[in-house]
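Report on the structure given below.
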Amino acid sequence: MSTSSTYQHAWQQAACDPDQFWAEQAVQLKWHTAPTVTSRPSATADGLVEWFPDGKLNTAWLALDAHIEDGRGEQTAIIYDSPVTASKARISYSELHHQVSQCAGMLRDLQVQQGDRVIIYMPMVPQAIVAMLACARIGAVHCVVFGGFAANELAVRIDDAQADIILTASCGIEIDRIIEYKPLVDQAIARATHQVRHCVVLQRPQAVAAMQAGRDLDWQEQVDRAKPAEAVPVAATHPLYILYTSGTTGKPKGVVRDHGGHAVAMRYSMNAVYGMQPGEVFWAASDVGWVVGHSYIVYGPLLSGCTTVMFEGKPVRTPDAGAVWRVCAEYGVKALFTAPTAFRAIRKEDPQAALARQYDLRRLERLYLAGERLDPPTWTWLQEHIQRPVLDHWWQTETGWAIAANPVGYGLEQVRPGSATFPLPGYLLDILDDEARPVTAGNQGNIVIRLPLPPGCLTSIWGNPERLRAGYLSQFPGYYQTGDAGYVDADGYVFIMGRTDDIINVAGHRLSTGEMEEVIGSHPAVAECAVIGVPDAIKGELPMGLVVLKNDAVAQLDQLNEQLSALLREEIGALACYQRTLIVTRLPKTRSGKILRRILRQMVRGEAWVVPSTIEDPGCLDELAALLEEPAGARCVAHKM
Ligand code: COA
Ligand code: AMP
């Protein structure tokens, strides 16, 4: 394996003596009580460990007070750039400290105790970061819900997290559309079984929310009257946050992350993966509602004393496809991180990257891509037009930081198009077939990580540790199952090829087809259905529903399609981007009744497929193949069965 020797040395060290390796990283942090034990077996998940179990610290203190102690108080912590409201602001570490302390004081006044869960449902405004850090400051557990999710998704999370408090804003802004959040929050509270005690609303001038007396409180009034709260040292193993992510069933999984292991991993990765130093500007063009936002809009940059950019806009149409380059130039961004879909959208509108040439990008050193496969055409386009290293890296909500990357912190710059490069120190990858046998280099299989997982990875599934075992640790004993398929080539480069389960990736957003099937299945005309991801030139994948109608149902395809699309918007959110339905007489199934999803995926991707021997009725594939030949929506005929 031809990699730089420092990277190789670090990887070996982390593999042979993980405790020693991570103890050396942990000393970079200012602990309230330094850990004397680096790891011990997890009490709830066989094979995982608890990191730094006897250490005490506070993540918000490390992200704020520690920098002020080090003389960084006047440095900009957050650059807020909002083309949708025509506003910009810089918030220093001292100012952010003040705002977080006030907000933490407000939570205290609302009787929020250590360990209590607080839902944050907010657009991309600095108060979302303030809210997260305020929870961390008093040892409460935040649970950020992406603003694009519908009321039902919010209700499910309120119930699962048993959250008493919601912090929200009156609205978000999607390009030029005001999305009123408060009616969605009201609906969610009404739908949830768990009783929400208070809802604190940041009133934005674009839409003023109606308030329910007693329950709803005005953000500004509350923080103004609060007494600032000091940071409370918590055990390193204390939960910092829950972040829900799609699983294979309709119920999302609450990934739990701790204070100690997470802080160590964030500090380490900011330098090892992104090569960032204190004082430099980092921009993760994502949303605080996703793991990328948690790790690299908020915690990574702030724990590392960097300046983070919070951008309330889109890569296109706010106002044009030059927005990303404008922000990089204006603030001297050193490293930009986003999803490939953003660049596919930019490339469509500005194929020659003419807008990029209007800006001085000399301070931009590297581009980082993740969240979905970085397709070689997008890689080539960026490389050609932006002329910077374009680094793909692979990770997931569960790991919280990259599993495989080109770690520039070790001086490595050895990319291979289509590859996420090498496993990072702490991650030991194997590729196994379905019977858990290792496959040889270059052959595709299940990508698994040898246990234990490094610091920063999930410590549990909220309220359901059994789901952690069943979903990730049981199929391949001794390993964490990533749910991704791929291969490692003869030189050790990791290639990620797609999910092995029913999760699809729409514009970098991870969605469960199982959840969509539950929603579609609730339509009165639908007997059964399967949702699969269909390739899309901009968004990577889009969901498509194959629907079998009830015997007595009469439905016209275009109407049904509209109704299903509306239903998914209502139940999951607009981000589902559901636009296409096919009505079929039956779904391809095994004799035992299991839907043959792999063959469906192959068919819609135009890949070669073989009729499986287990199929109950091969004739249904001919019907589907014929339907797929047709343009979307062309079969607007009445179906009666
Ligand atoms: N609040 C409310 N609605 C939201 C929302 C939010 N925070 N985010 C998205 N939506 C809505 C959009 O308005 C859109 O609604 P519409 O169908 O009524 O127009 C729908 O959800 C789909 O949104 P999106 O997939 O973002 O499509 P888009 O056409 O608005 O933008 C991209 C496409 C590629 C520009 C955009 O998805 C993008 O920038 N993605 C890459 C970055 C990223 O955030 N990745 C996530 C993880 S790294
Ligand atoms: P999320 O948990 O939303 O971050 O989604 C994680 C999933 O996105 C992974 O399991 C992969 O399927 C996919 N993914 C993330 N990064 C990459 C990448 N660099 N290449 C291919 N797929 C990726």
Side-chain angles (χ1 to χ4, degrees), residues 84 121-124 145-150 169 171-181 184 243-247 253 255 284-297 311-318 321 323-324 337-349 368-375 379 391-405 418-421 447 458 481-486 494-501 503-512 536 538-542 565 568-569 572-579:
V84 296
Y121 183 67
M122 296 187 84
M124 284 287 284
V145 180
F146 175 59
F149 276 125
C171 68
I173 300 144
E174 282 290 295
I175 305 180
D176 51 3
R177 266 185 312 141
I178 308 289
I179 311 281
E180 293 199 26
Y181 278 28
L184 298 171
L243 178 58
Y244 285 88
T245 190
S246 303
K253 296 181 279 202
V255 165
S286 177
D287 188 286
V288 285
W290 305 113
V291 70
V292 176
H294 279 60
S295 294
Y296 297 112
I297 294 176
F311 178 67
E312 191 182 21
K314 299 252 176 185
V316 292
R317 290 175 284 156
T318 57
V324 164
F337 176 175
T338 191
T341 187
F343 287 119
R344 288 196 296 266
I346 292 171
R347 179 171 61 144
K348 181 165 179 266
E349 301 212 354
Y368 289 87
L369 282 296
E372 54 171 334
R373 191 172 129 73
L374 172 54
D375 48 299
W379 185 84
L391 306 176
D392 186 10
H393 61 322
W394 165 61
W395 52 298
Q396 40 185 224
T397 304
E398 290 85 343
T399 63
W401 61 290
I403 308 165
S419 168
T421 318
I447 316 182
L458 82 174
Q481 177 190 358
T482 64
D484 281 307
V494 179
F495 291 77
I496 313 302
M497 303 310 290
R499 298 286 306 188
T500 56
D501 53 19
I503 285 168
I504 60 170
N505 204 312
V506 180
H509 306 139
R510 173 170 158 179
L511 300 172
S512 158
D536 179 76
I538 302 292
K539 298 196 176 184
E541 282 184 294
L542 284 176
S565 175
L568 283 151
R569 248 172 199 272
I572 295 177
L575 79 168
C577 297
Y578 183 88
Q579 288 157 4

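Counting starts at 1 for both ligands and their atoms, following the listed order. Heavy-atom basis, side chains included; hydrogens, waters and symmetry copies ignored.
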- request: Would you please classify the geometry between the W290 ring and the H509 ring as parallel, tilted or perpendicular, with 30° and 60° separating the classes?
  value: parallel
field: ligand 2 atoms in contact with W394 (distance to a heavy atom under 4.0 Å)
entry: 16 (N), 17 (C), 19 (N), 23 (C)
task: List the steps, then state whether side chain to side chain contact (heavy atoms under 4.5 Å, CB included) holds for V292 with F337.
output: CA-CA 9 Å; V292 176; F337 176 175; 3.8 Å; yes
task: Start with the C-alpha gap between W394 and T482, add the side-chain angles, then the distance that decides, and say whether side chain to side chain contact (heavy atoms under 4.5 Å, CB included) holds.
output: CA-CA 11 Å; W394 165 61; T482 64; 3.8 Å; yes
query: With distance as the sole test, does T338 use its side chain to make a donor-acceptor pair with the main-chain N or O of A285 at under 3.5 Å?
result: yes
Ligand 1 atoms in contact with G147 (distance to a heavy atom under 4.0 Å): 1 (N), 2 (C), 6 (C), 7 (N)
message: D287 versus ligand 1: do any nitrogen or oxygen atoms come within less than 3.5 Å of each other?
response: no
- prompt: Which residue owns the protein heavy atom closest to atom 9 (C) of ligand 2, what's the atom, and how far is it?
  reply: D484 OD2, 3.2 Å
message: Heavy atoms only, cut-off 4.0 Å: how does A370 contact ligand 1, side chain, backbone, both, or neither?
response: neither
field: Atoms in ligand 1 with a heavy atom of V292 nearer than 4.0 Å
entry: 48 (S)
message: Let me confirm one number: the CD1-CG distance from I496 to L374, rounded to the nearest 0.5 Å.
response: 12.0 Å
message: Can you tell me which portion of R499 lies within the under-4.0 Å heavy-atom range of ligand 2? Options are side chain, backbone, both, or neither.
response: side chain
- prompt: Out of A339, G371, G498, whose heavy atom is nearest to atom 13 (C) of ligand 2?
  reply: G371
message: So is R317 touching ligand 1 or not, going by heavy atoms under 4.0 Å?
response: yes
message: Under 3.5 Å between any N/O of E398 and any N/O of ligand 2: does that happen in this structure?
response: no
Atoms of ligand 1 close to A507 [distance to a heavy atom under 4.0 angstrom, numbered from 1]: 25 (O), 37 (O), 40 (N), 45 (N)
message: Using a plain distance cutoff, I'd like to know if T482 has any nitrogen or oxygen under 3.5 Å from a nitrogen or oxygen of ligand 2.
response: no
query: Taking only residues at least two apart or on different chains, which pairs with a member in residues 339-348 satisfy side chain to side chain donor-acceptor pair (under 3.5 Å)?
result: R344-E372, R344-D375
- request: Go through ligand 2 atom by atom and flag the ones less than 4.0 Å from a non-hydrogen atom of H393.
  value: 16 (N), 18 (C), 19 (N)
- prompt: ligand 2 versus H509, non-hydrogen atoms closer than 4.0 Å: side chain, backbone, both, neither?
  reply: neither
query: Has G483 got any heavy atom lying under 4.0 angstrom from an atom of ligand 2?
result: no
- prompt: Does atom 41 (C) of ligand 1 have a protein non-hydrogen atom under 4.0 Å from it?
  reply: yes
query: Taking only residues two or more places apart in sequence or in another chain, which ones pass ring pair (Phe, Tyr, Trp, His ring centres under 6.0 Å) with Y368?
result: Y274, H393
task: Using a 4.0 Å heavy-atom threshold (strictly under), name the region of T397 that reaches ligand 2: side chain, backbone, both or neither.
output: both
message: If I compare all heavy atoms of G293 with all of S286, which pair ends up nearest, and what's the gap?
response: N-OG, 4.1 Å
query: Taking only heavy atoms of W395, which atoms of ligand 2 are found under 4.0 Å from at least one of them?
result: 6 (C), 9 (C), 15 (C), 16 (N)
- request: Please tell me if the side chains of E398 and T245 come closer than 4.5 Å, counting only heavy atoms from C-beta onward.
  value: yes
- request: Among all protein heavy atoms, pick out the one at the shortest distance from atom 22 (C) of ligand 1; state its residue, atom name and that distance to 0.1 Å.
  value: C577 SG, 3.7 Å
field: R177 heavy atom under 4.0 Å from ligand 1
entry: yes
task: Quick one: look at R344 and ligand 1, take heavy-atom pairs under 4.0 Å, and tell me if it's side chain, backbone, both or neither.
output: neither
- prompt: Hey, what do you get for CG (L391) to CG (L369), rounding to the nearest 0.5 Å?
  reply: 8.5 Å
message: Need the ligand 1 atom indices (1-based, order shown) with element for anything under 4.0 Å from a heavy-atom of G508.
response: 46 (C), 47 (C)
query: Going by heavy atoms, is P315 under 4.0 Å from ligand 1?
result: yes
field: Non-hydrogen atom of G148 closer than 4.0 Å to ligand 1
entry: yes
field: Those atoms of ligand 2 less than 4.0 Å from some heavy atom in N505
entry: 8 (O), 13 (C)
query: Against heavy atoms of R569, which atoms of ligand 1 measure under 4.0 Å?
result: 16 (P), 17 (O), 18 (O)
field: K539 N/O to ligand 1 N/O under 3.5 Å
entry: yes
message: V316 vs I346, test: side chain to side chain contact (heavy atoms under 4.5 Å, CB included). Steps then yes/no.
response: CA-CA 6 Å; V316 292; I346 292 171; 4.2 Å; yes
query: What residue and heavy atom of the protein are closest to atom 3 (O) of ligand 2, and at what distance?
result: R510 CB, 3.3 Å
field: Under-4.0 Å heavy-atom contact with ligand 2, by part of I503 that carries it
entry: neither
message: Return the OG1 to CG distance between T500 and D484, rounded to the nearest 0.5 Å.
response: 7.0 Å
task: Number the atoms of ligand 1 from 1 as they appear, then name those within less than 4.0 Å of a heavy atom of F146, with their elements.
output: 5 (C), 7 (N), 8 (N)
query: What are the two closest heavy atoms between P340 and A370, and how far apart are they?
result: CD-O, 3.5 Å
- request: Could you check atom 23 (O) of ligand 1 against the protein and tell me its nearest heavy-atom contact, residue, atom and distance included?
  value: K314 NZ, 4.2 Å
field: Ion pair E349/K314, N-O distance below 4.0 Å
entry: no
query: What protein heavy atom is closest to atom 20 (N) of ligand 2, reported as residue, atom name and distance in Å?
result: E372 O, 3.3 Å
query: For E174 and ligand 1, does the shortest N/O to N/O distance drop below 3.5 Å?
result: yes
task: Might you work through the side chain to side chain contact (heavy atoms under 4.5 Å, CB included) test for M124 and D287, ending with a clear yes or no?
output: CA-CA 7 Å; M124 284 287 284; D287 188 286; 3.5 Å; yes
message: Yes or no, since that's all I need: does a protein heavy atom fall within a distance strictly under 4.0 Å of atom 32 (C) of ligand 1?
response: no
Between CD1 on residue I538 and CZ on residue F343, distance to nearest 0.5 Å: 13.0 Å
- request: Return the residue, atom name and 0.1 Å-rounded distance of the protein heavy atom closest to atom 48 (S) of ligand 1.
  value: S286 OG, 3.5 Å
- prompt: Rounded to the nearest 0.5 Å, what separation is found between the CD1 atom of I504 and the CD atom of E541?
  reply: 5.5 Å
- prompt: By number and element, which atoms of ligand 2 are closer than 4.0 Å to a non-hydrogen atom of D392?
  reply: 18 (C), 19 (N)
- request: Give, for atom CD of Q579 and atom CG of L542, the distance between the pair rounded to the nearest 0.5 Å.
  value: 5.5 Å
statement: Taking only non-hydrogen atoms of R373 and a 4.0 Å limit, the atoms of ligand 2 in range are 20 (N), 21 (C), 22 (N)
task: Report yes if some N/O of T245 lies less than 3.5 Å from some N/O of ligand 2; otherwise report no.
output: no
- request: Enumerate the atoms of ligand 1 whose separation from the nearest heavy atom of T341 is less than 4.0 angstrom.
  value: 34 (C), 40 (N), 41 (C)
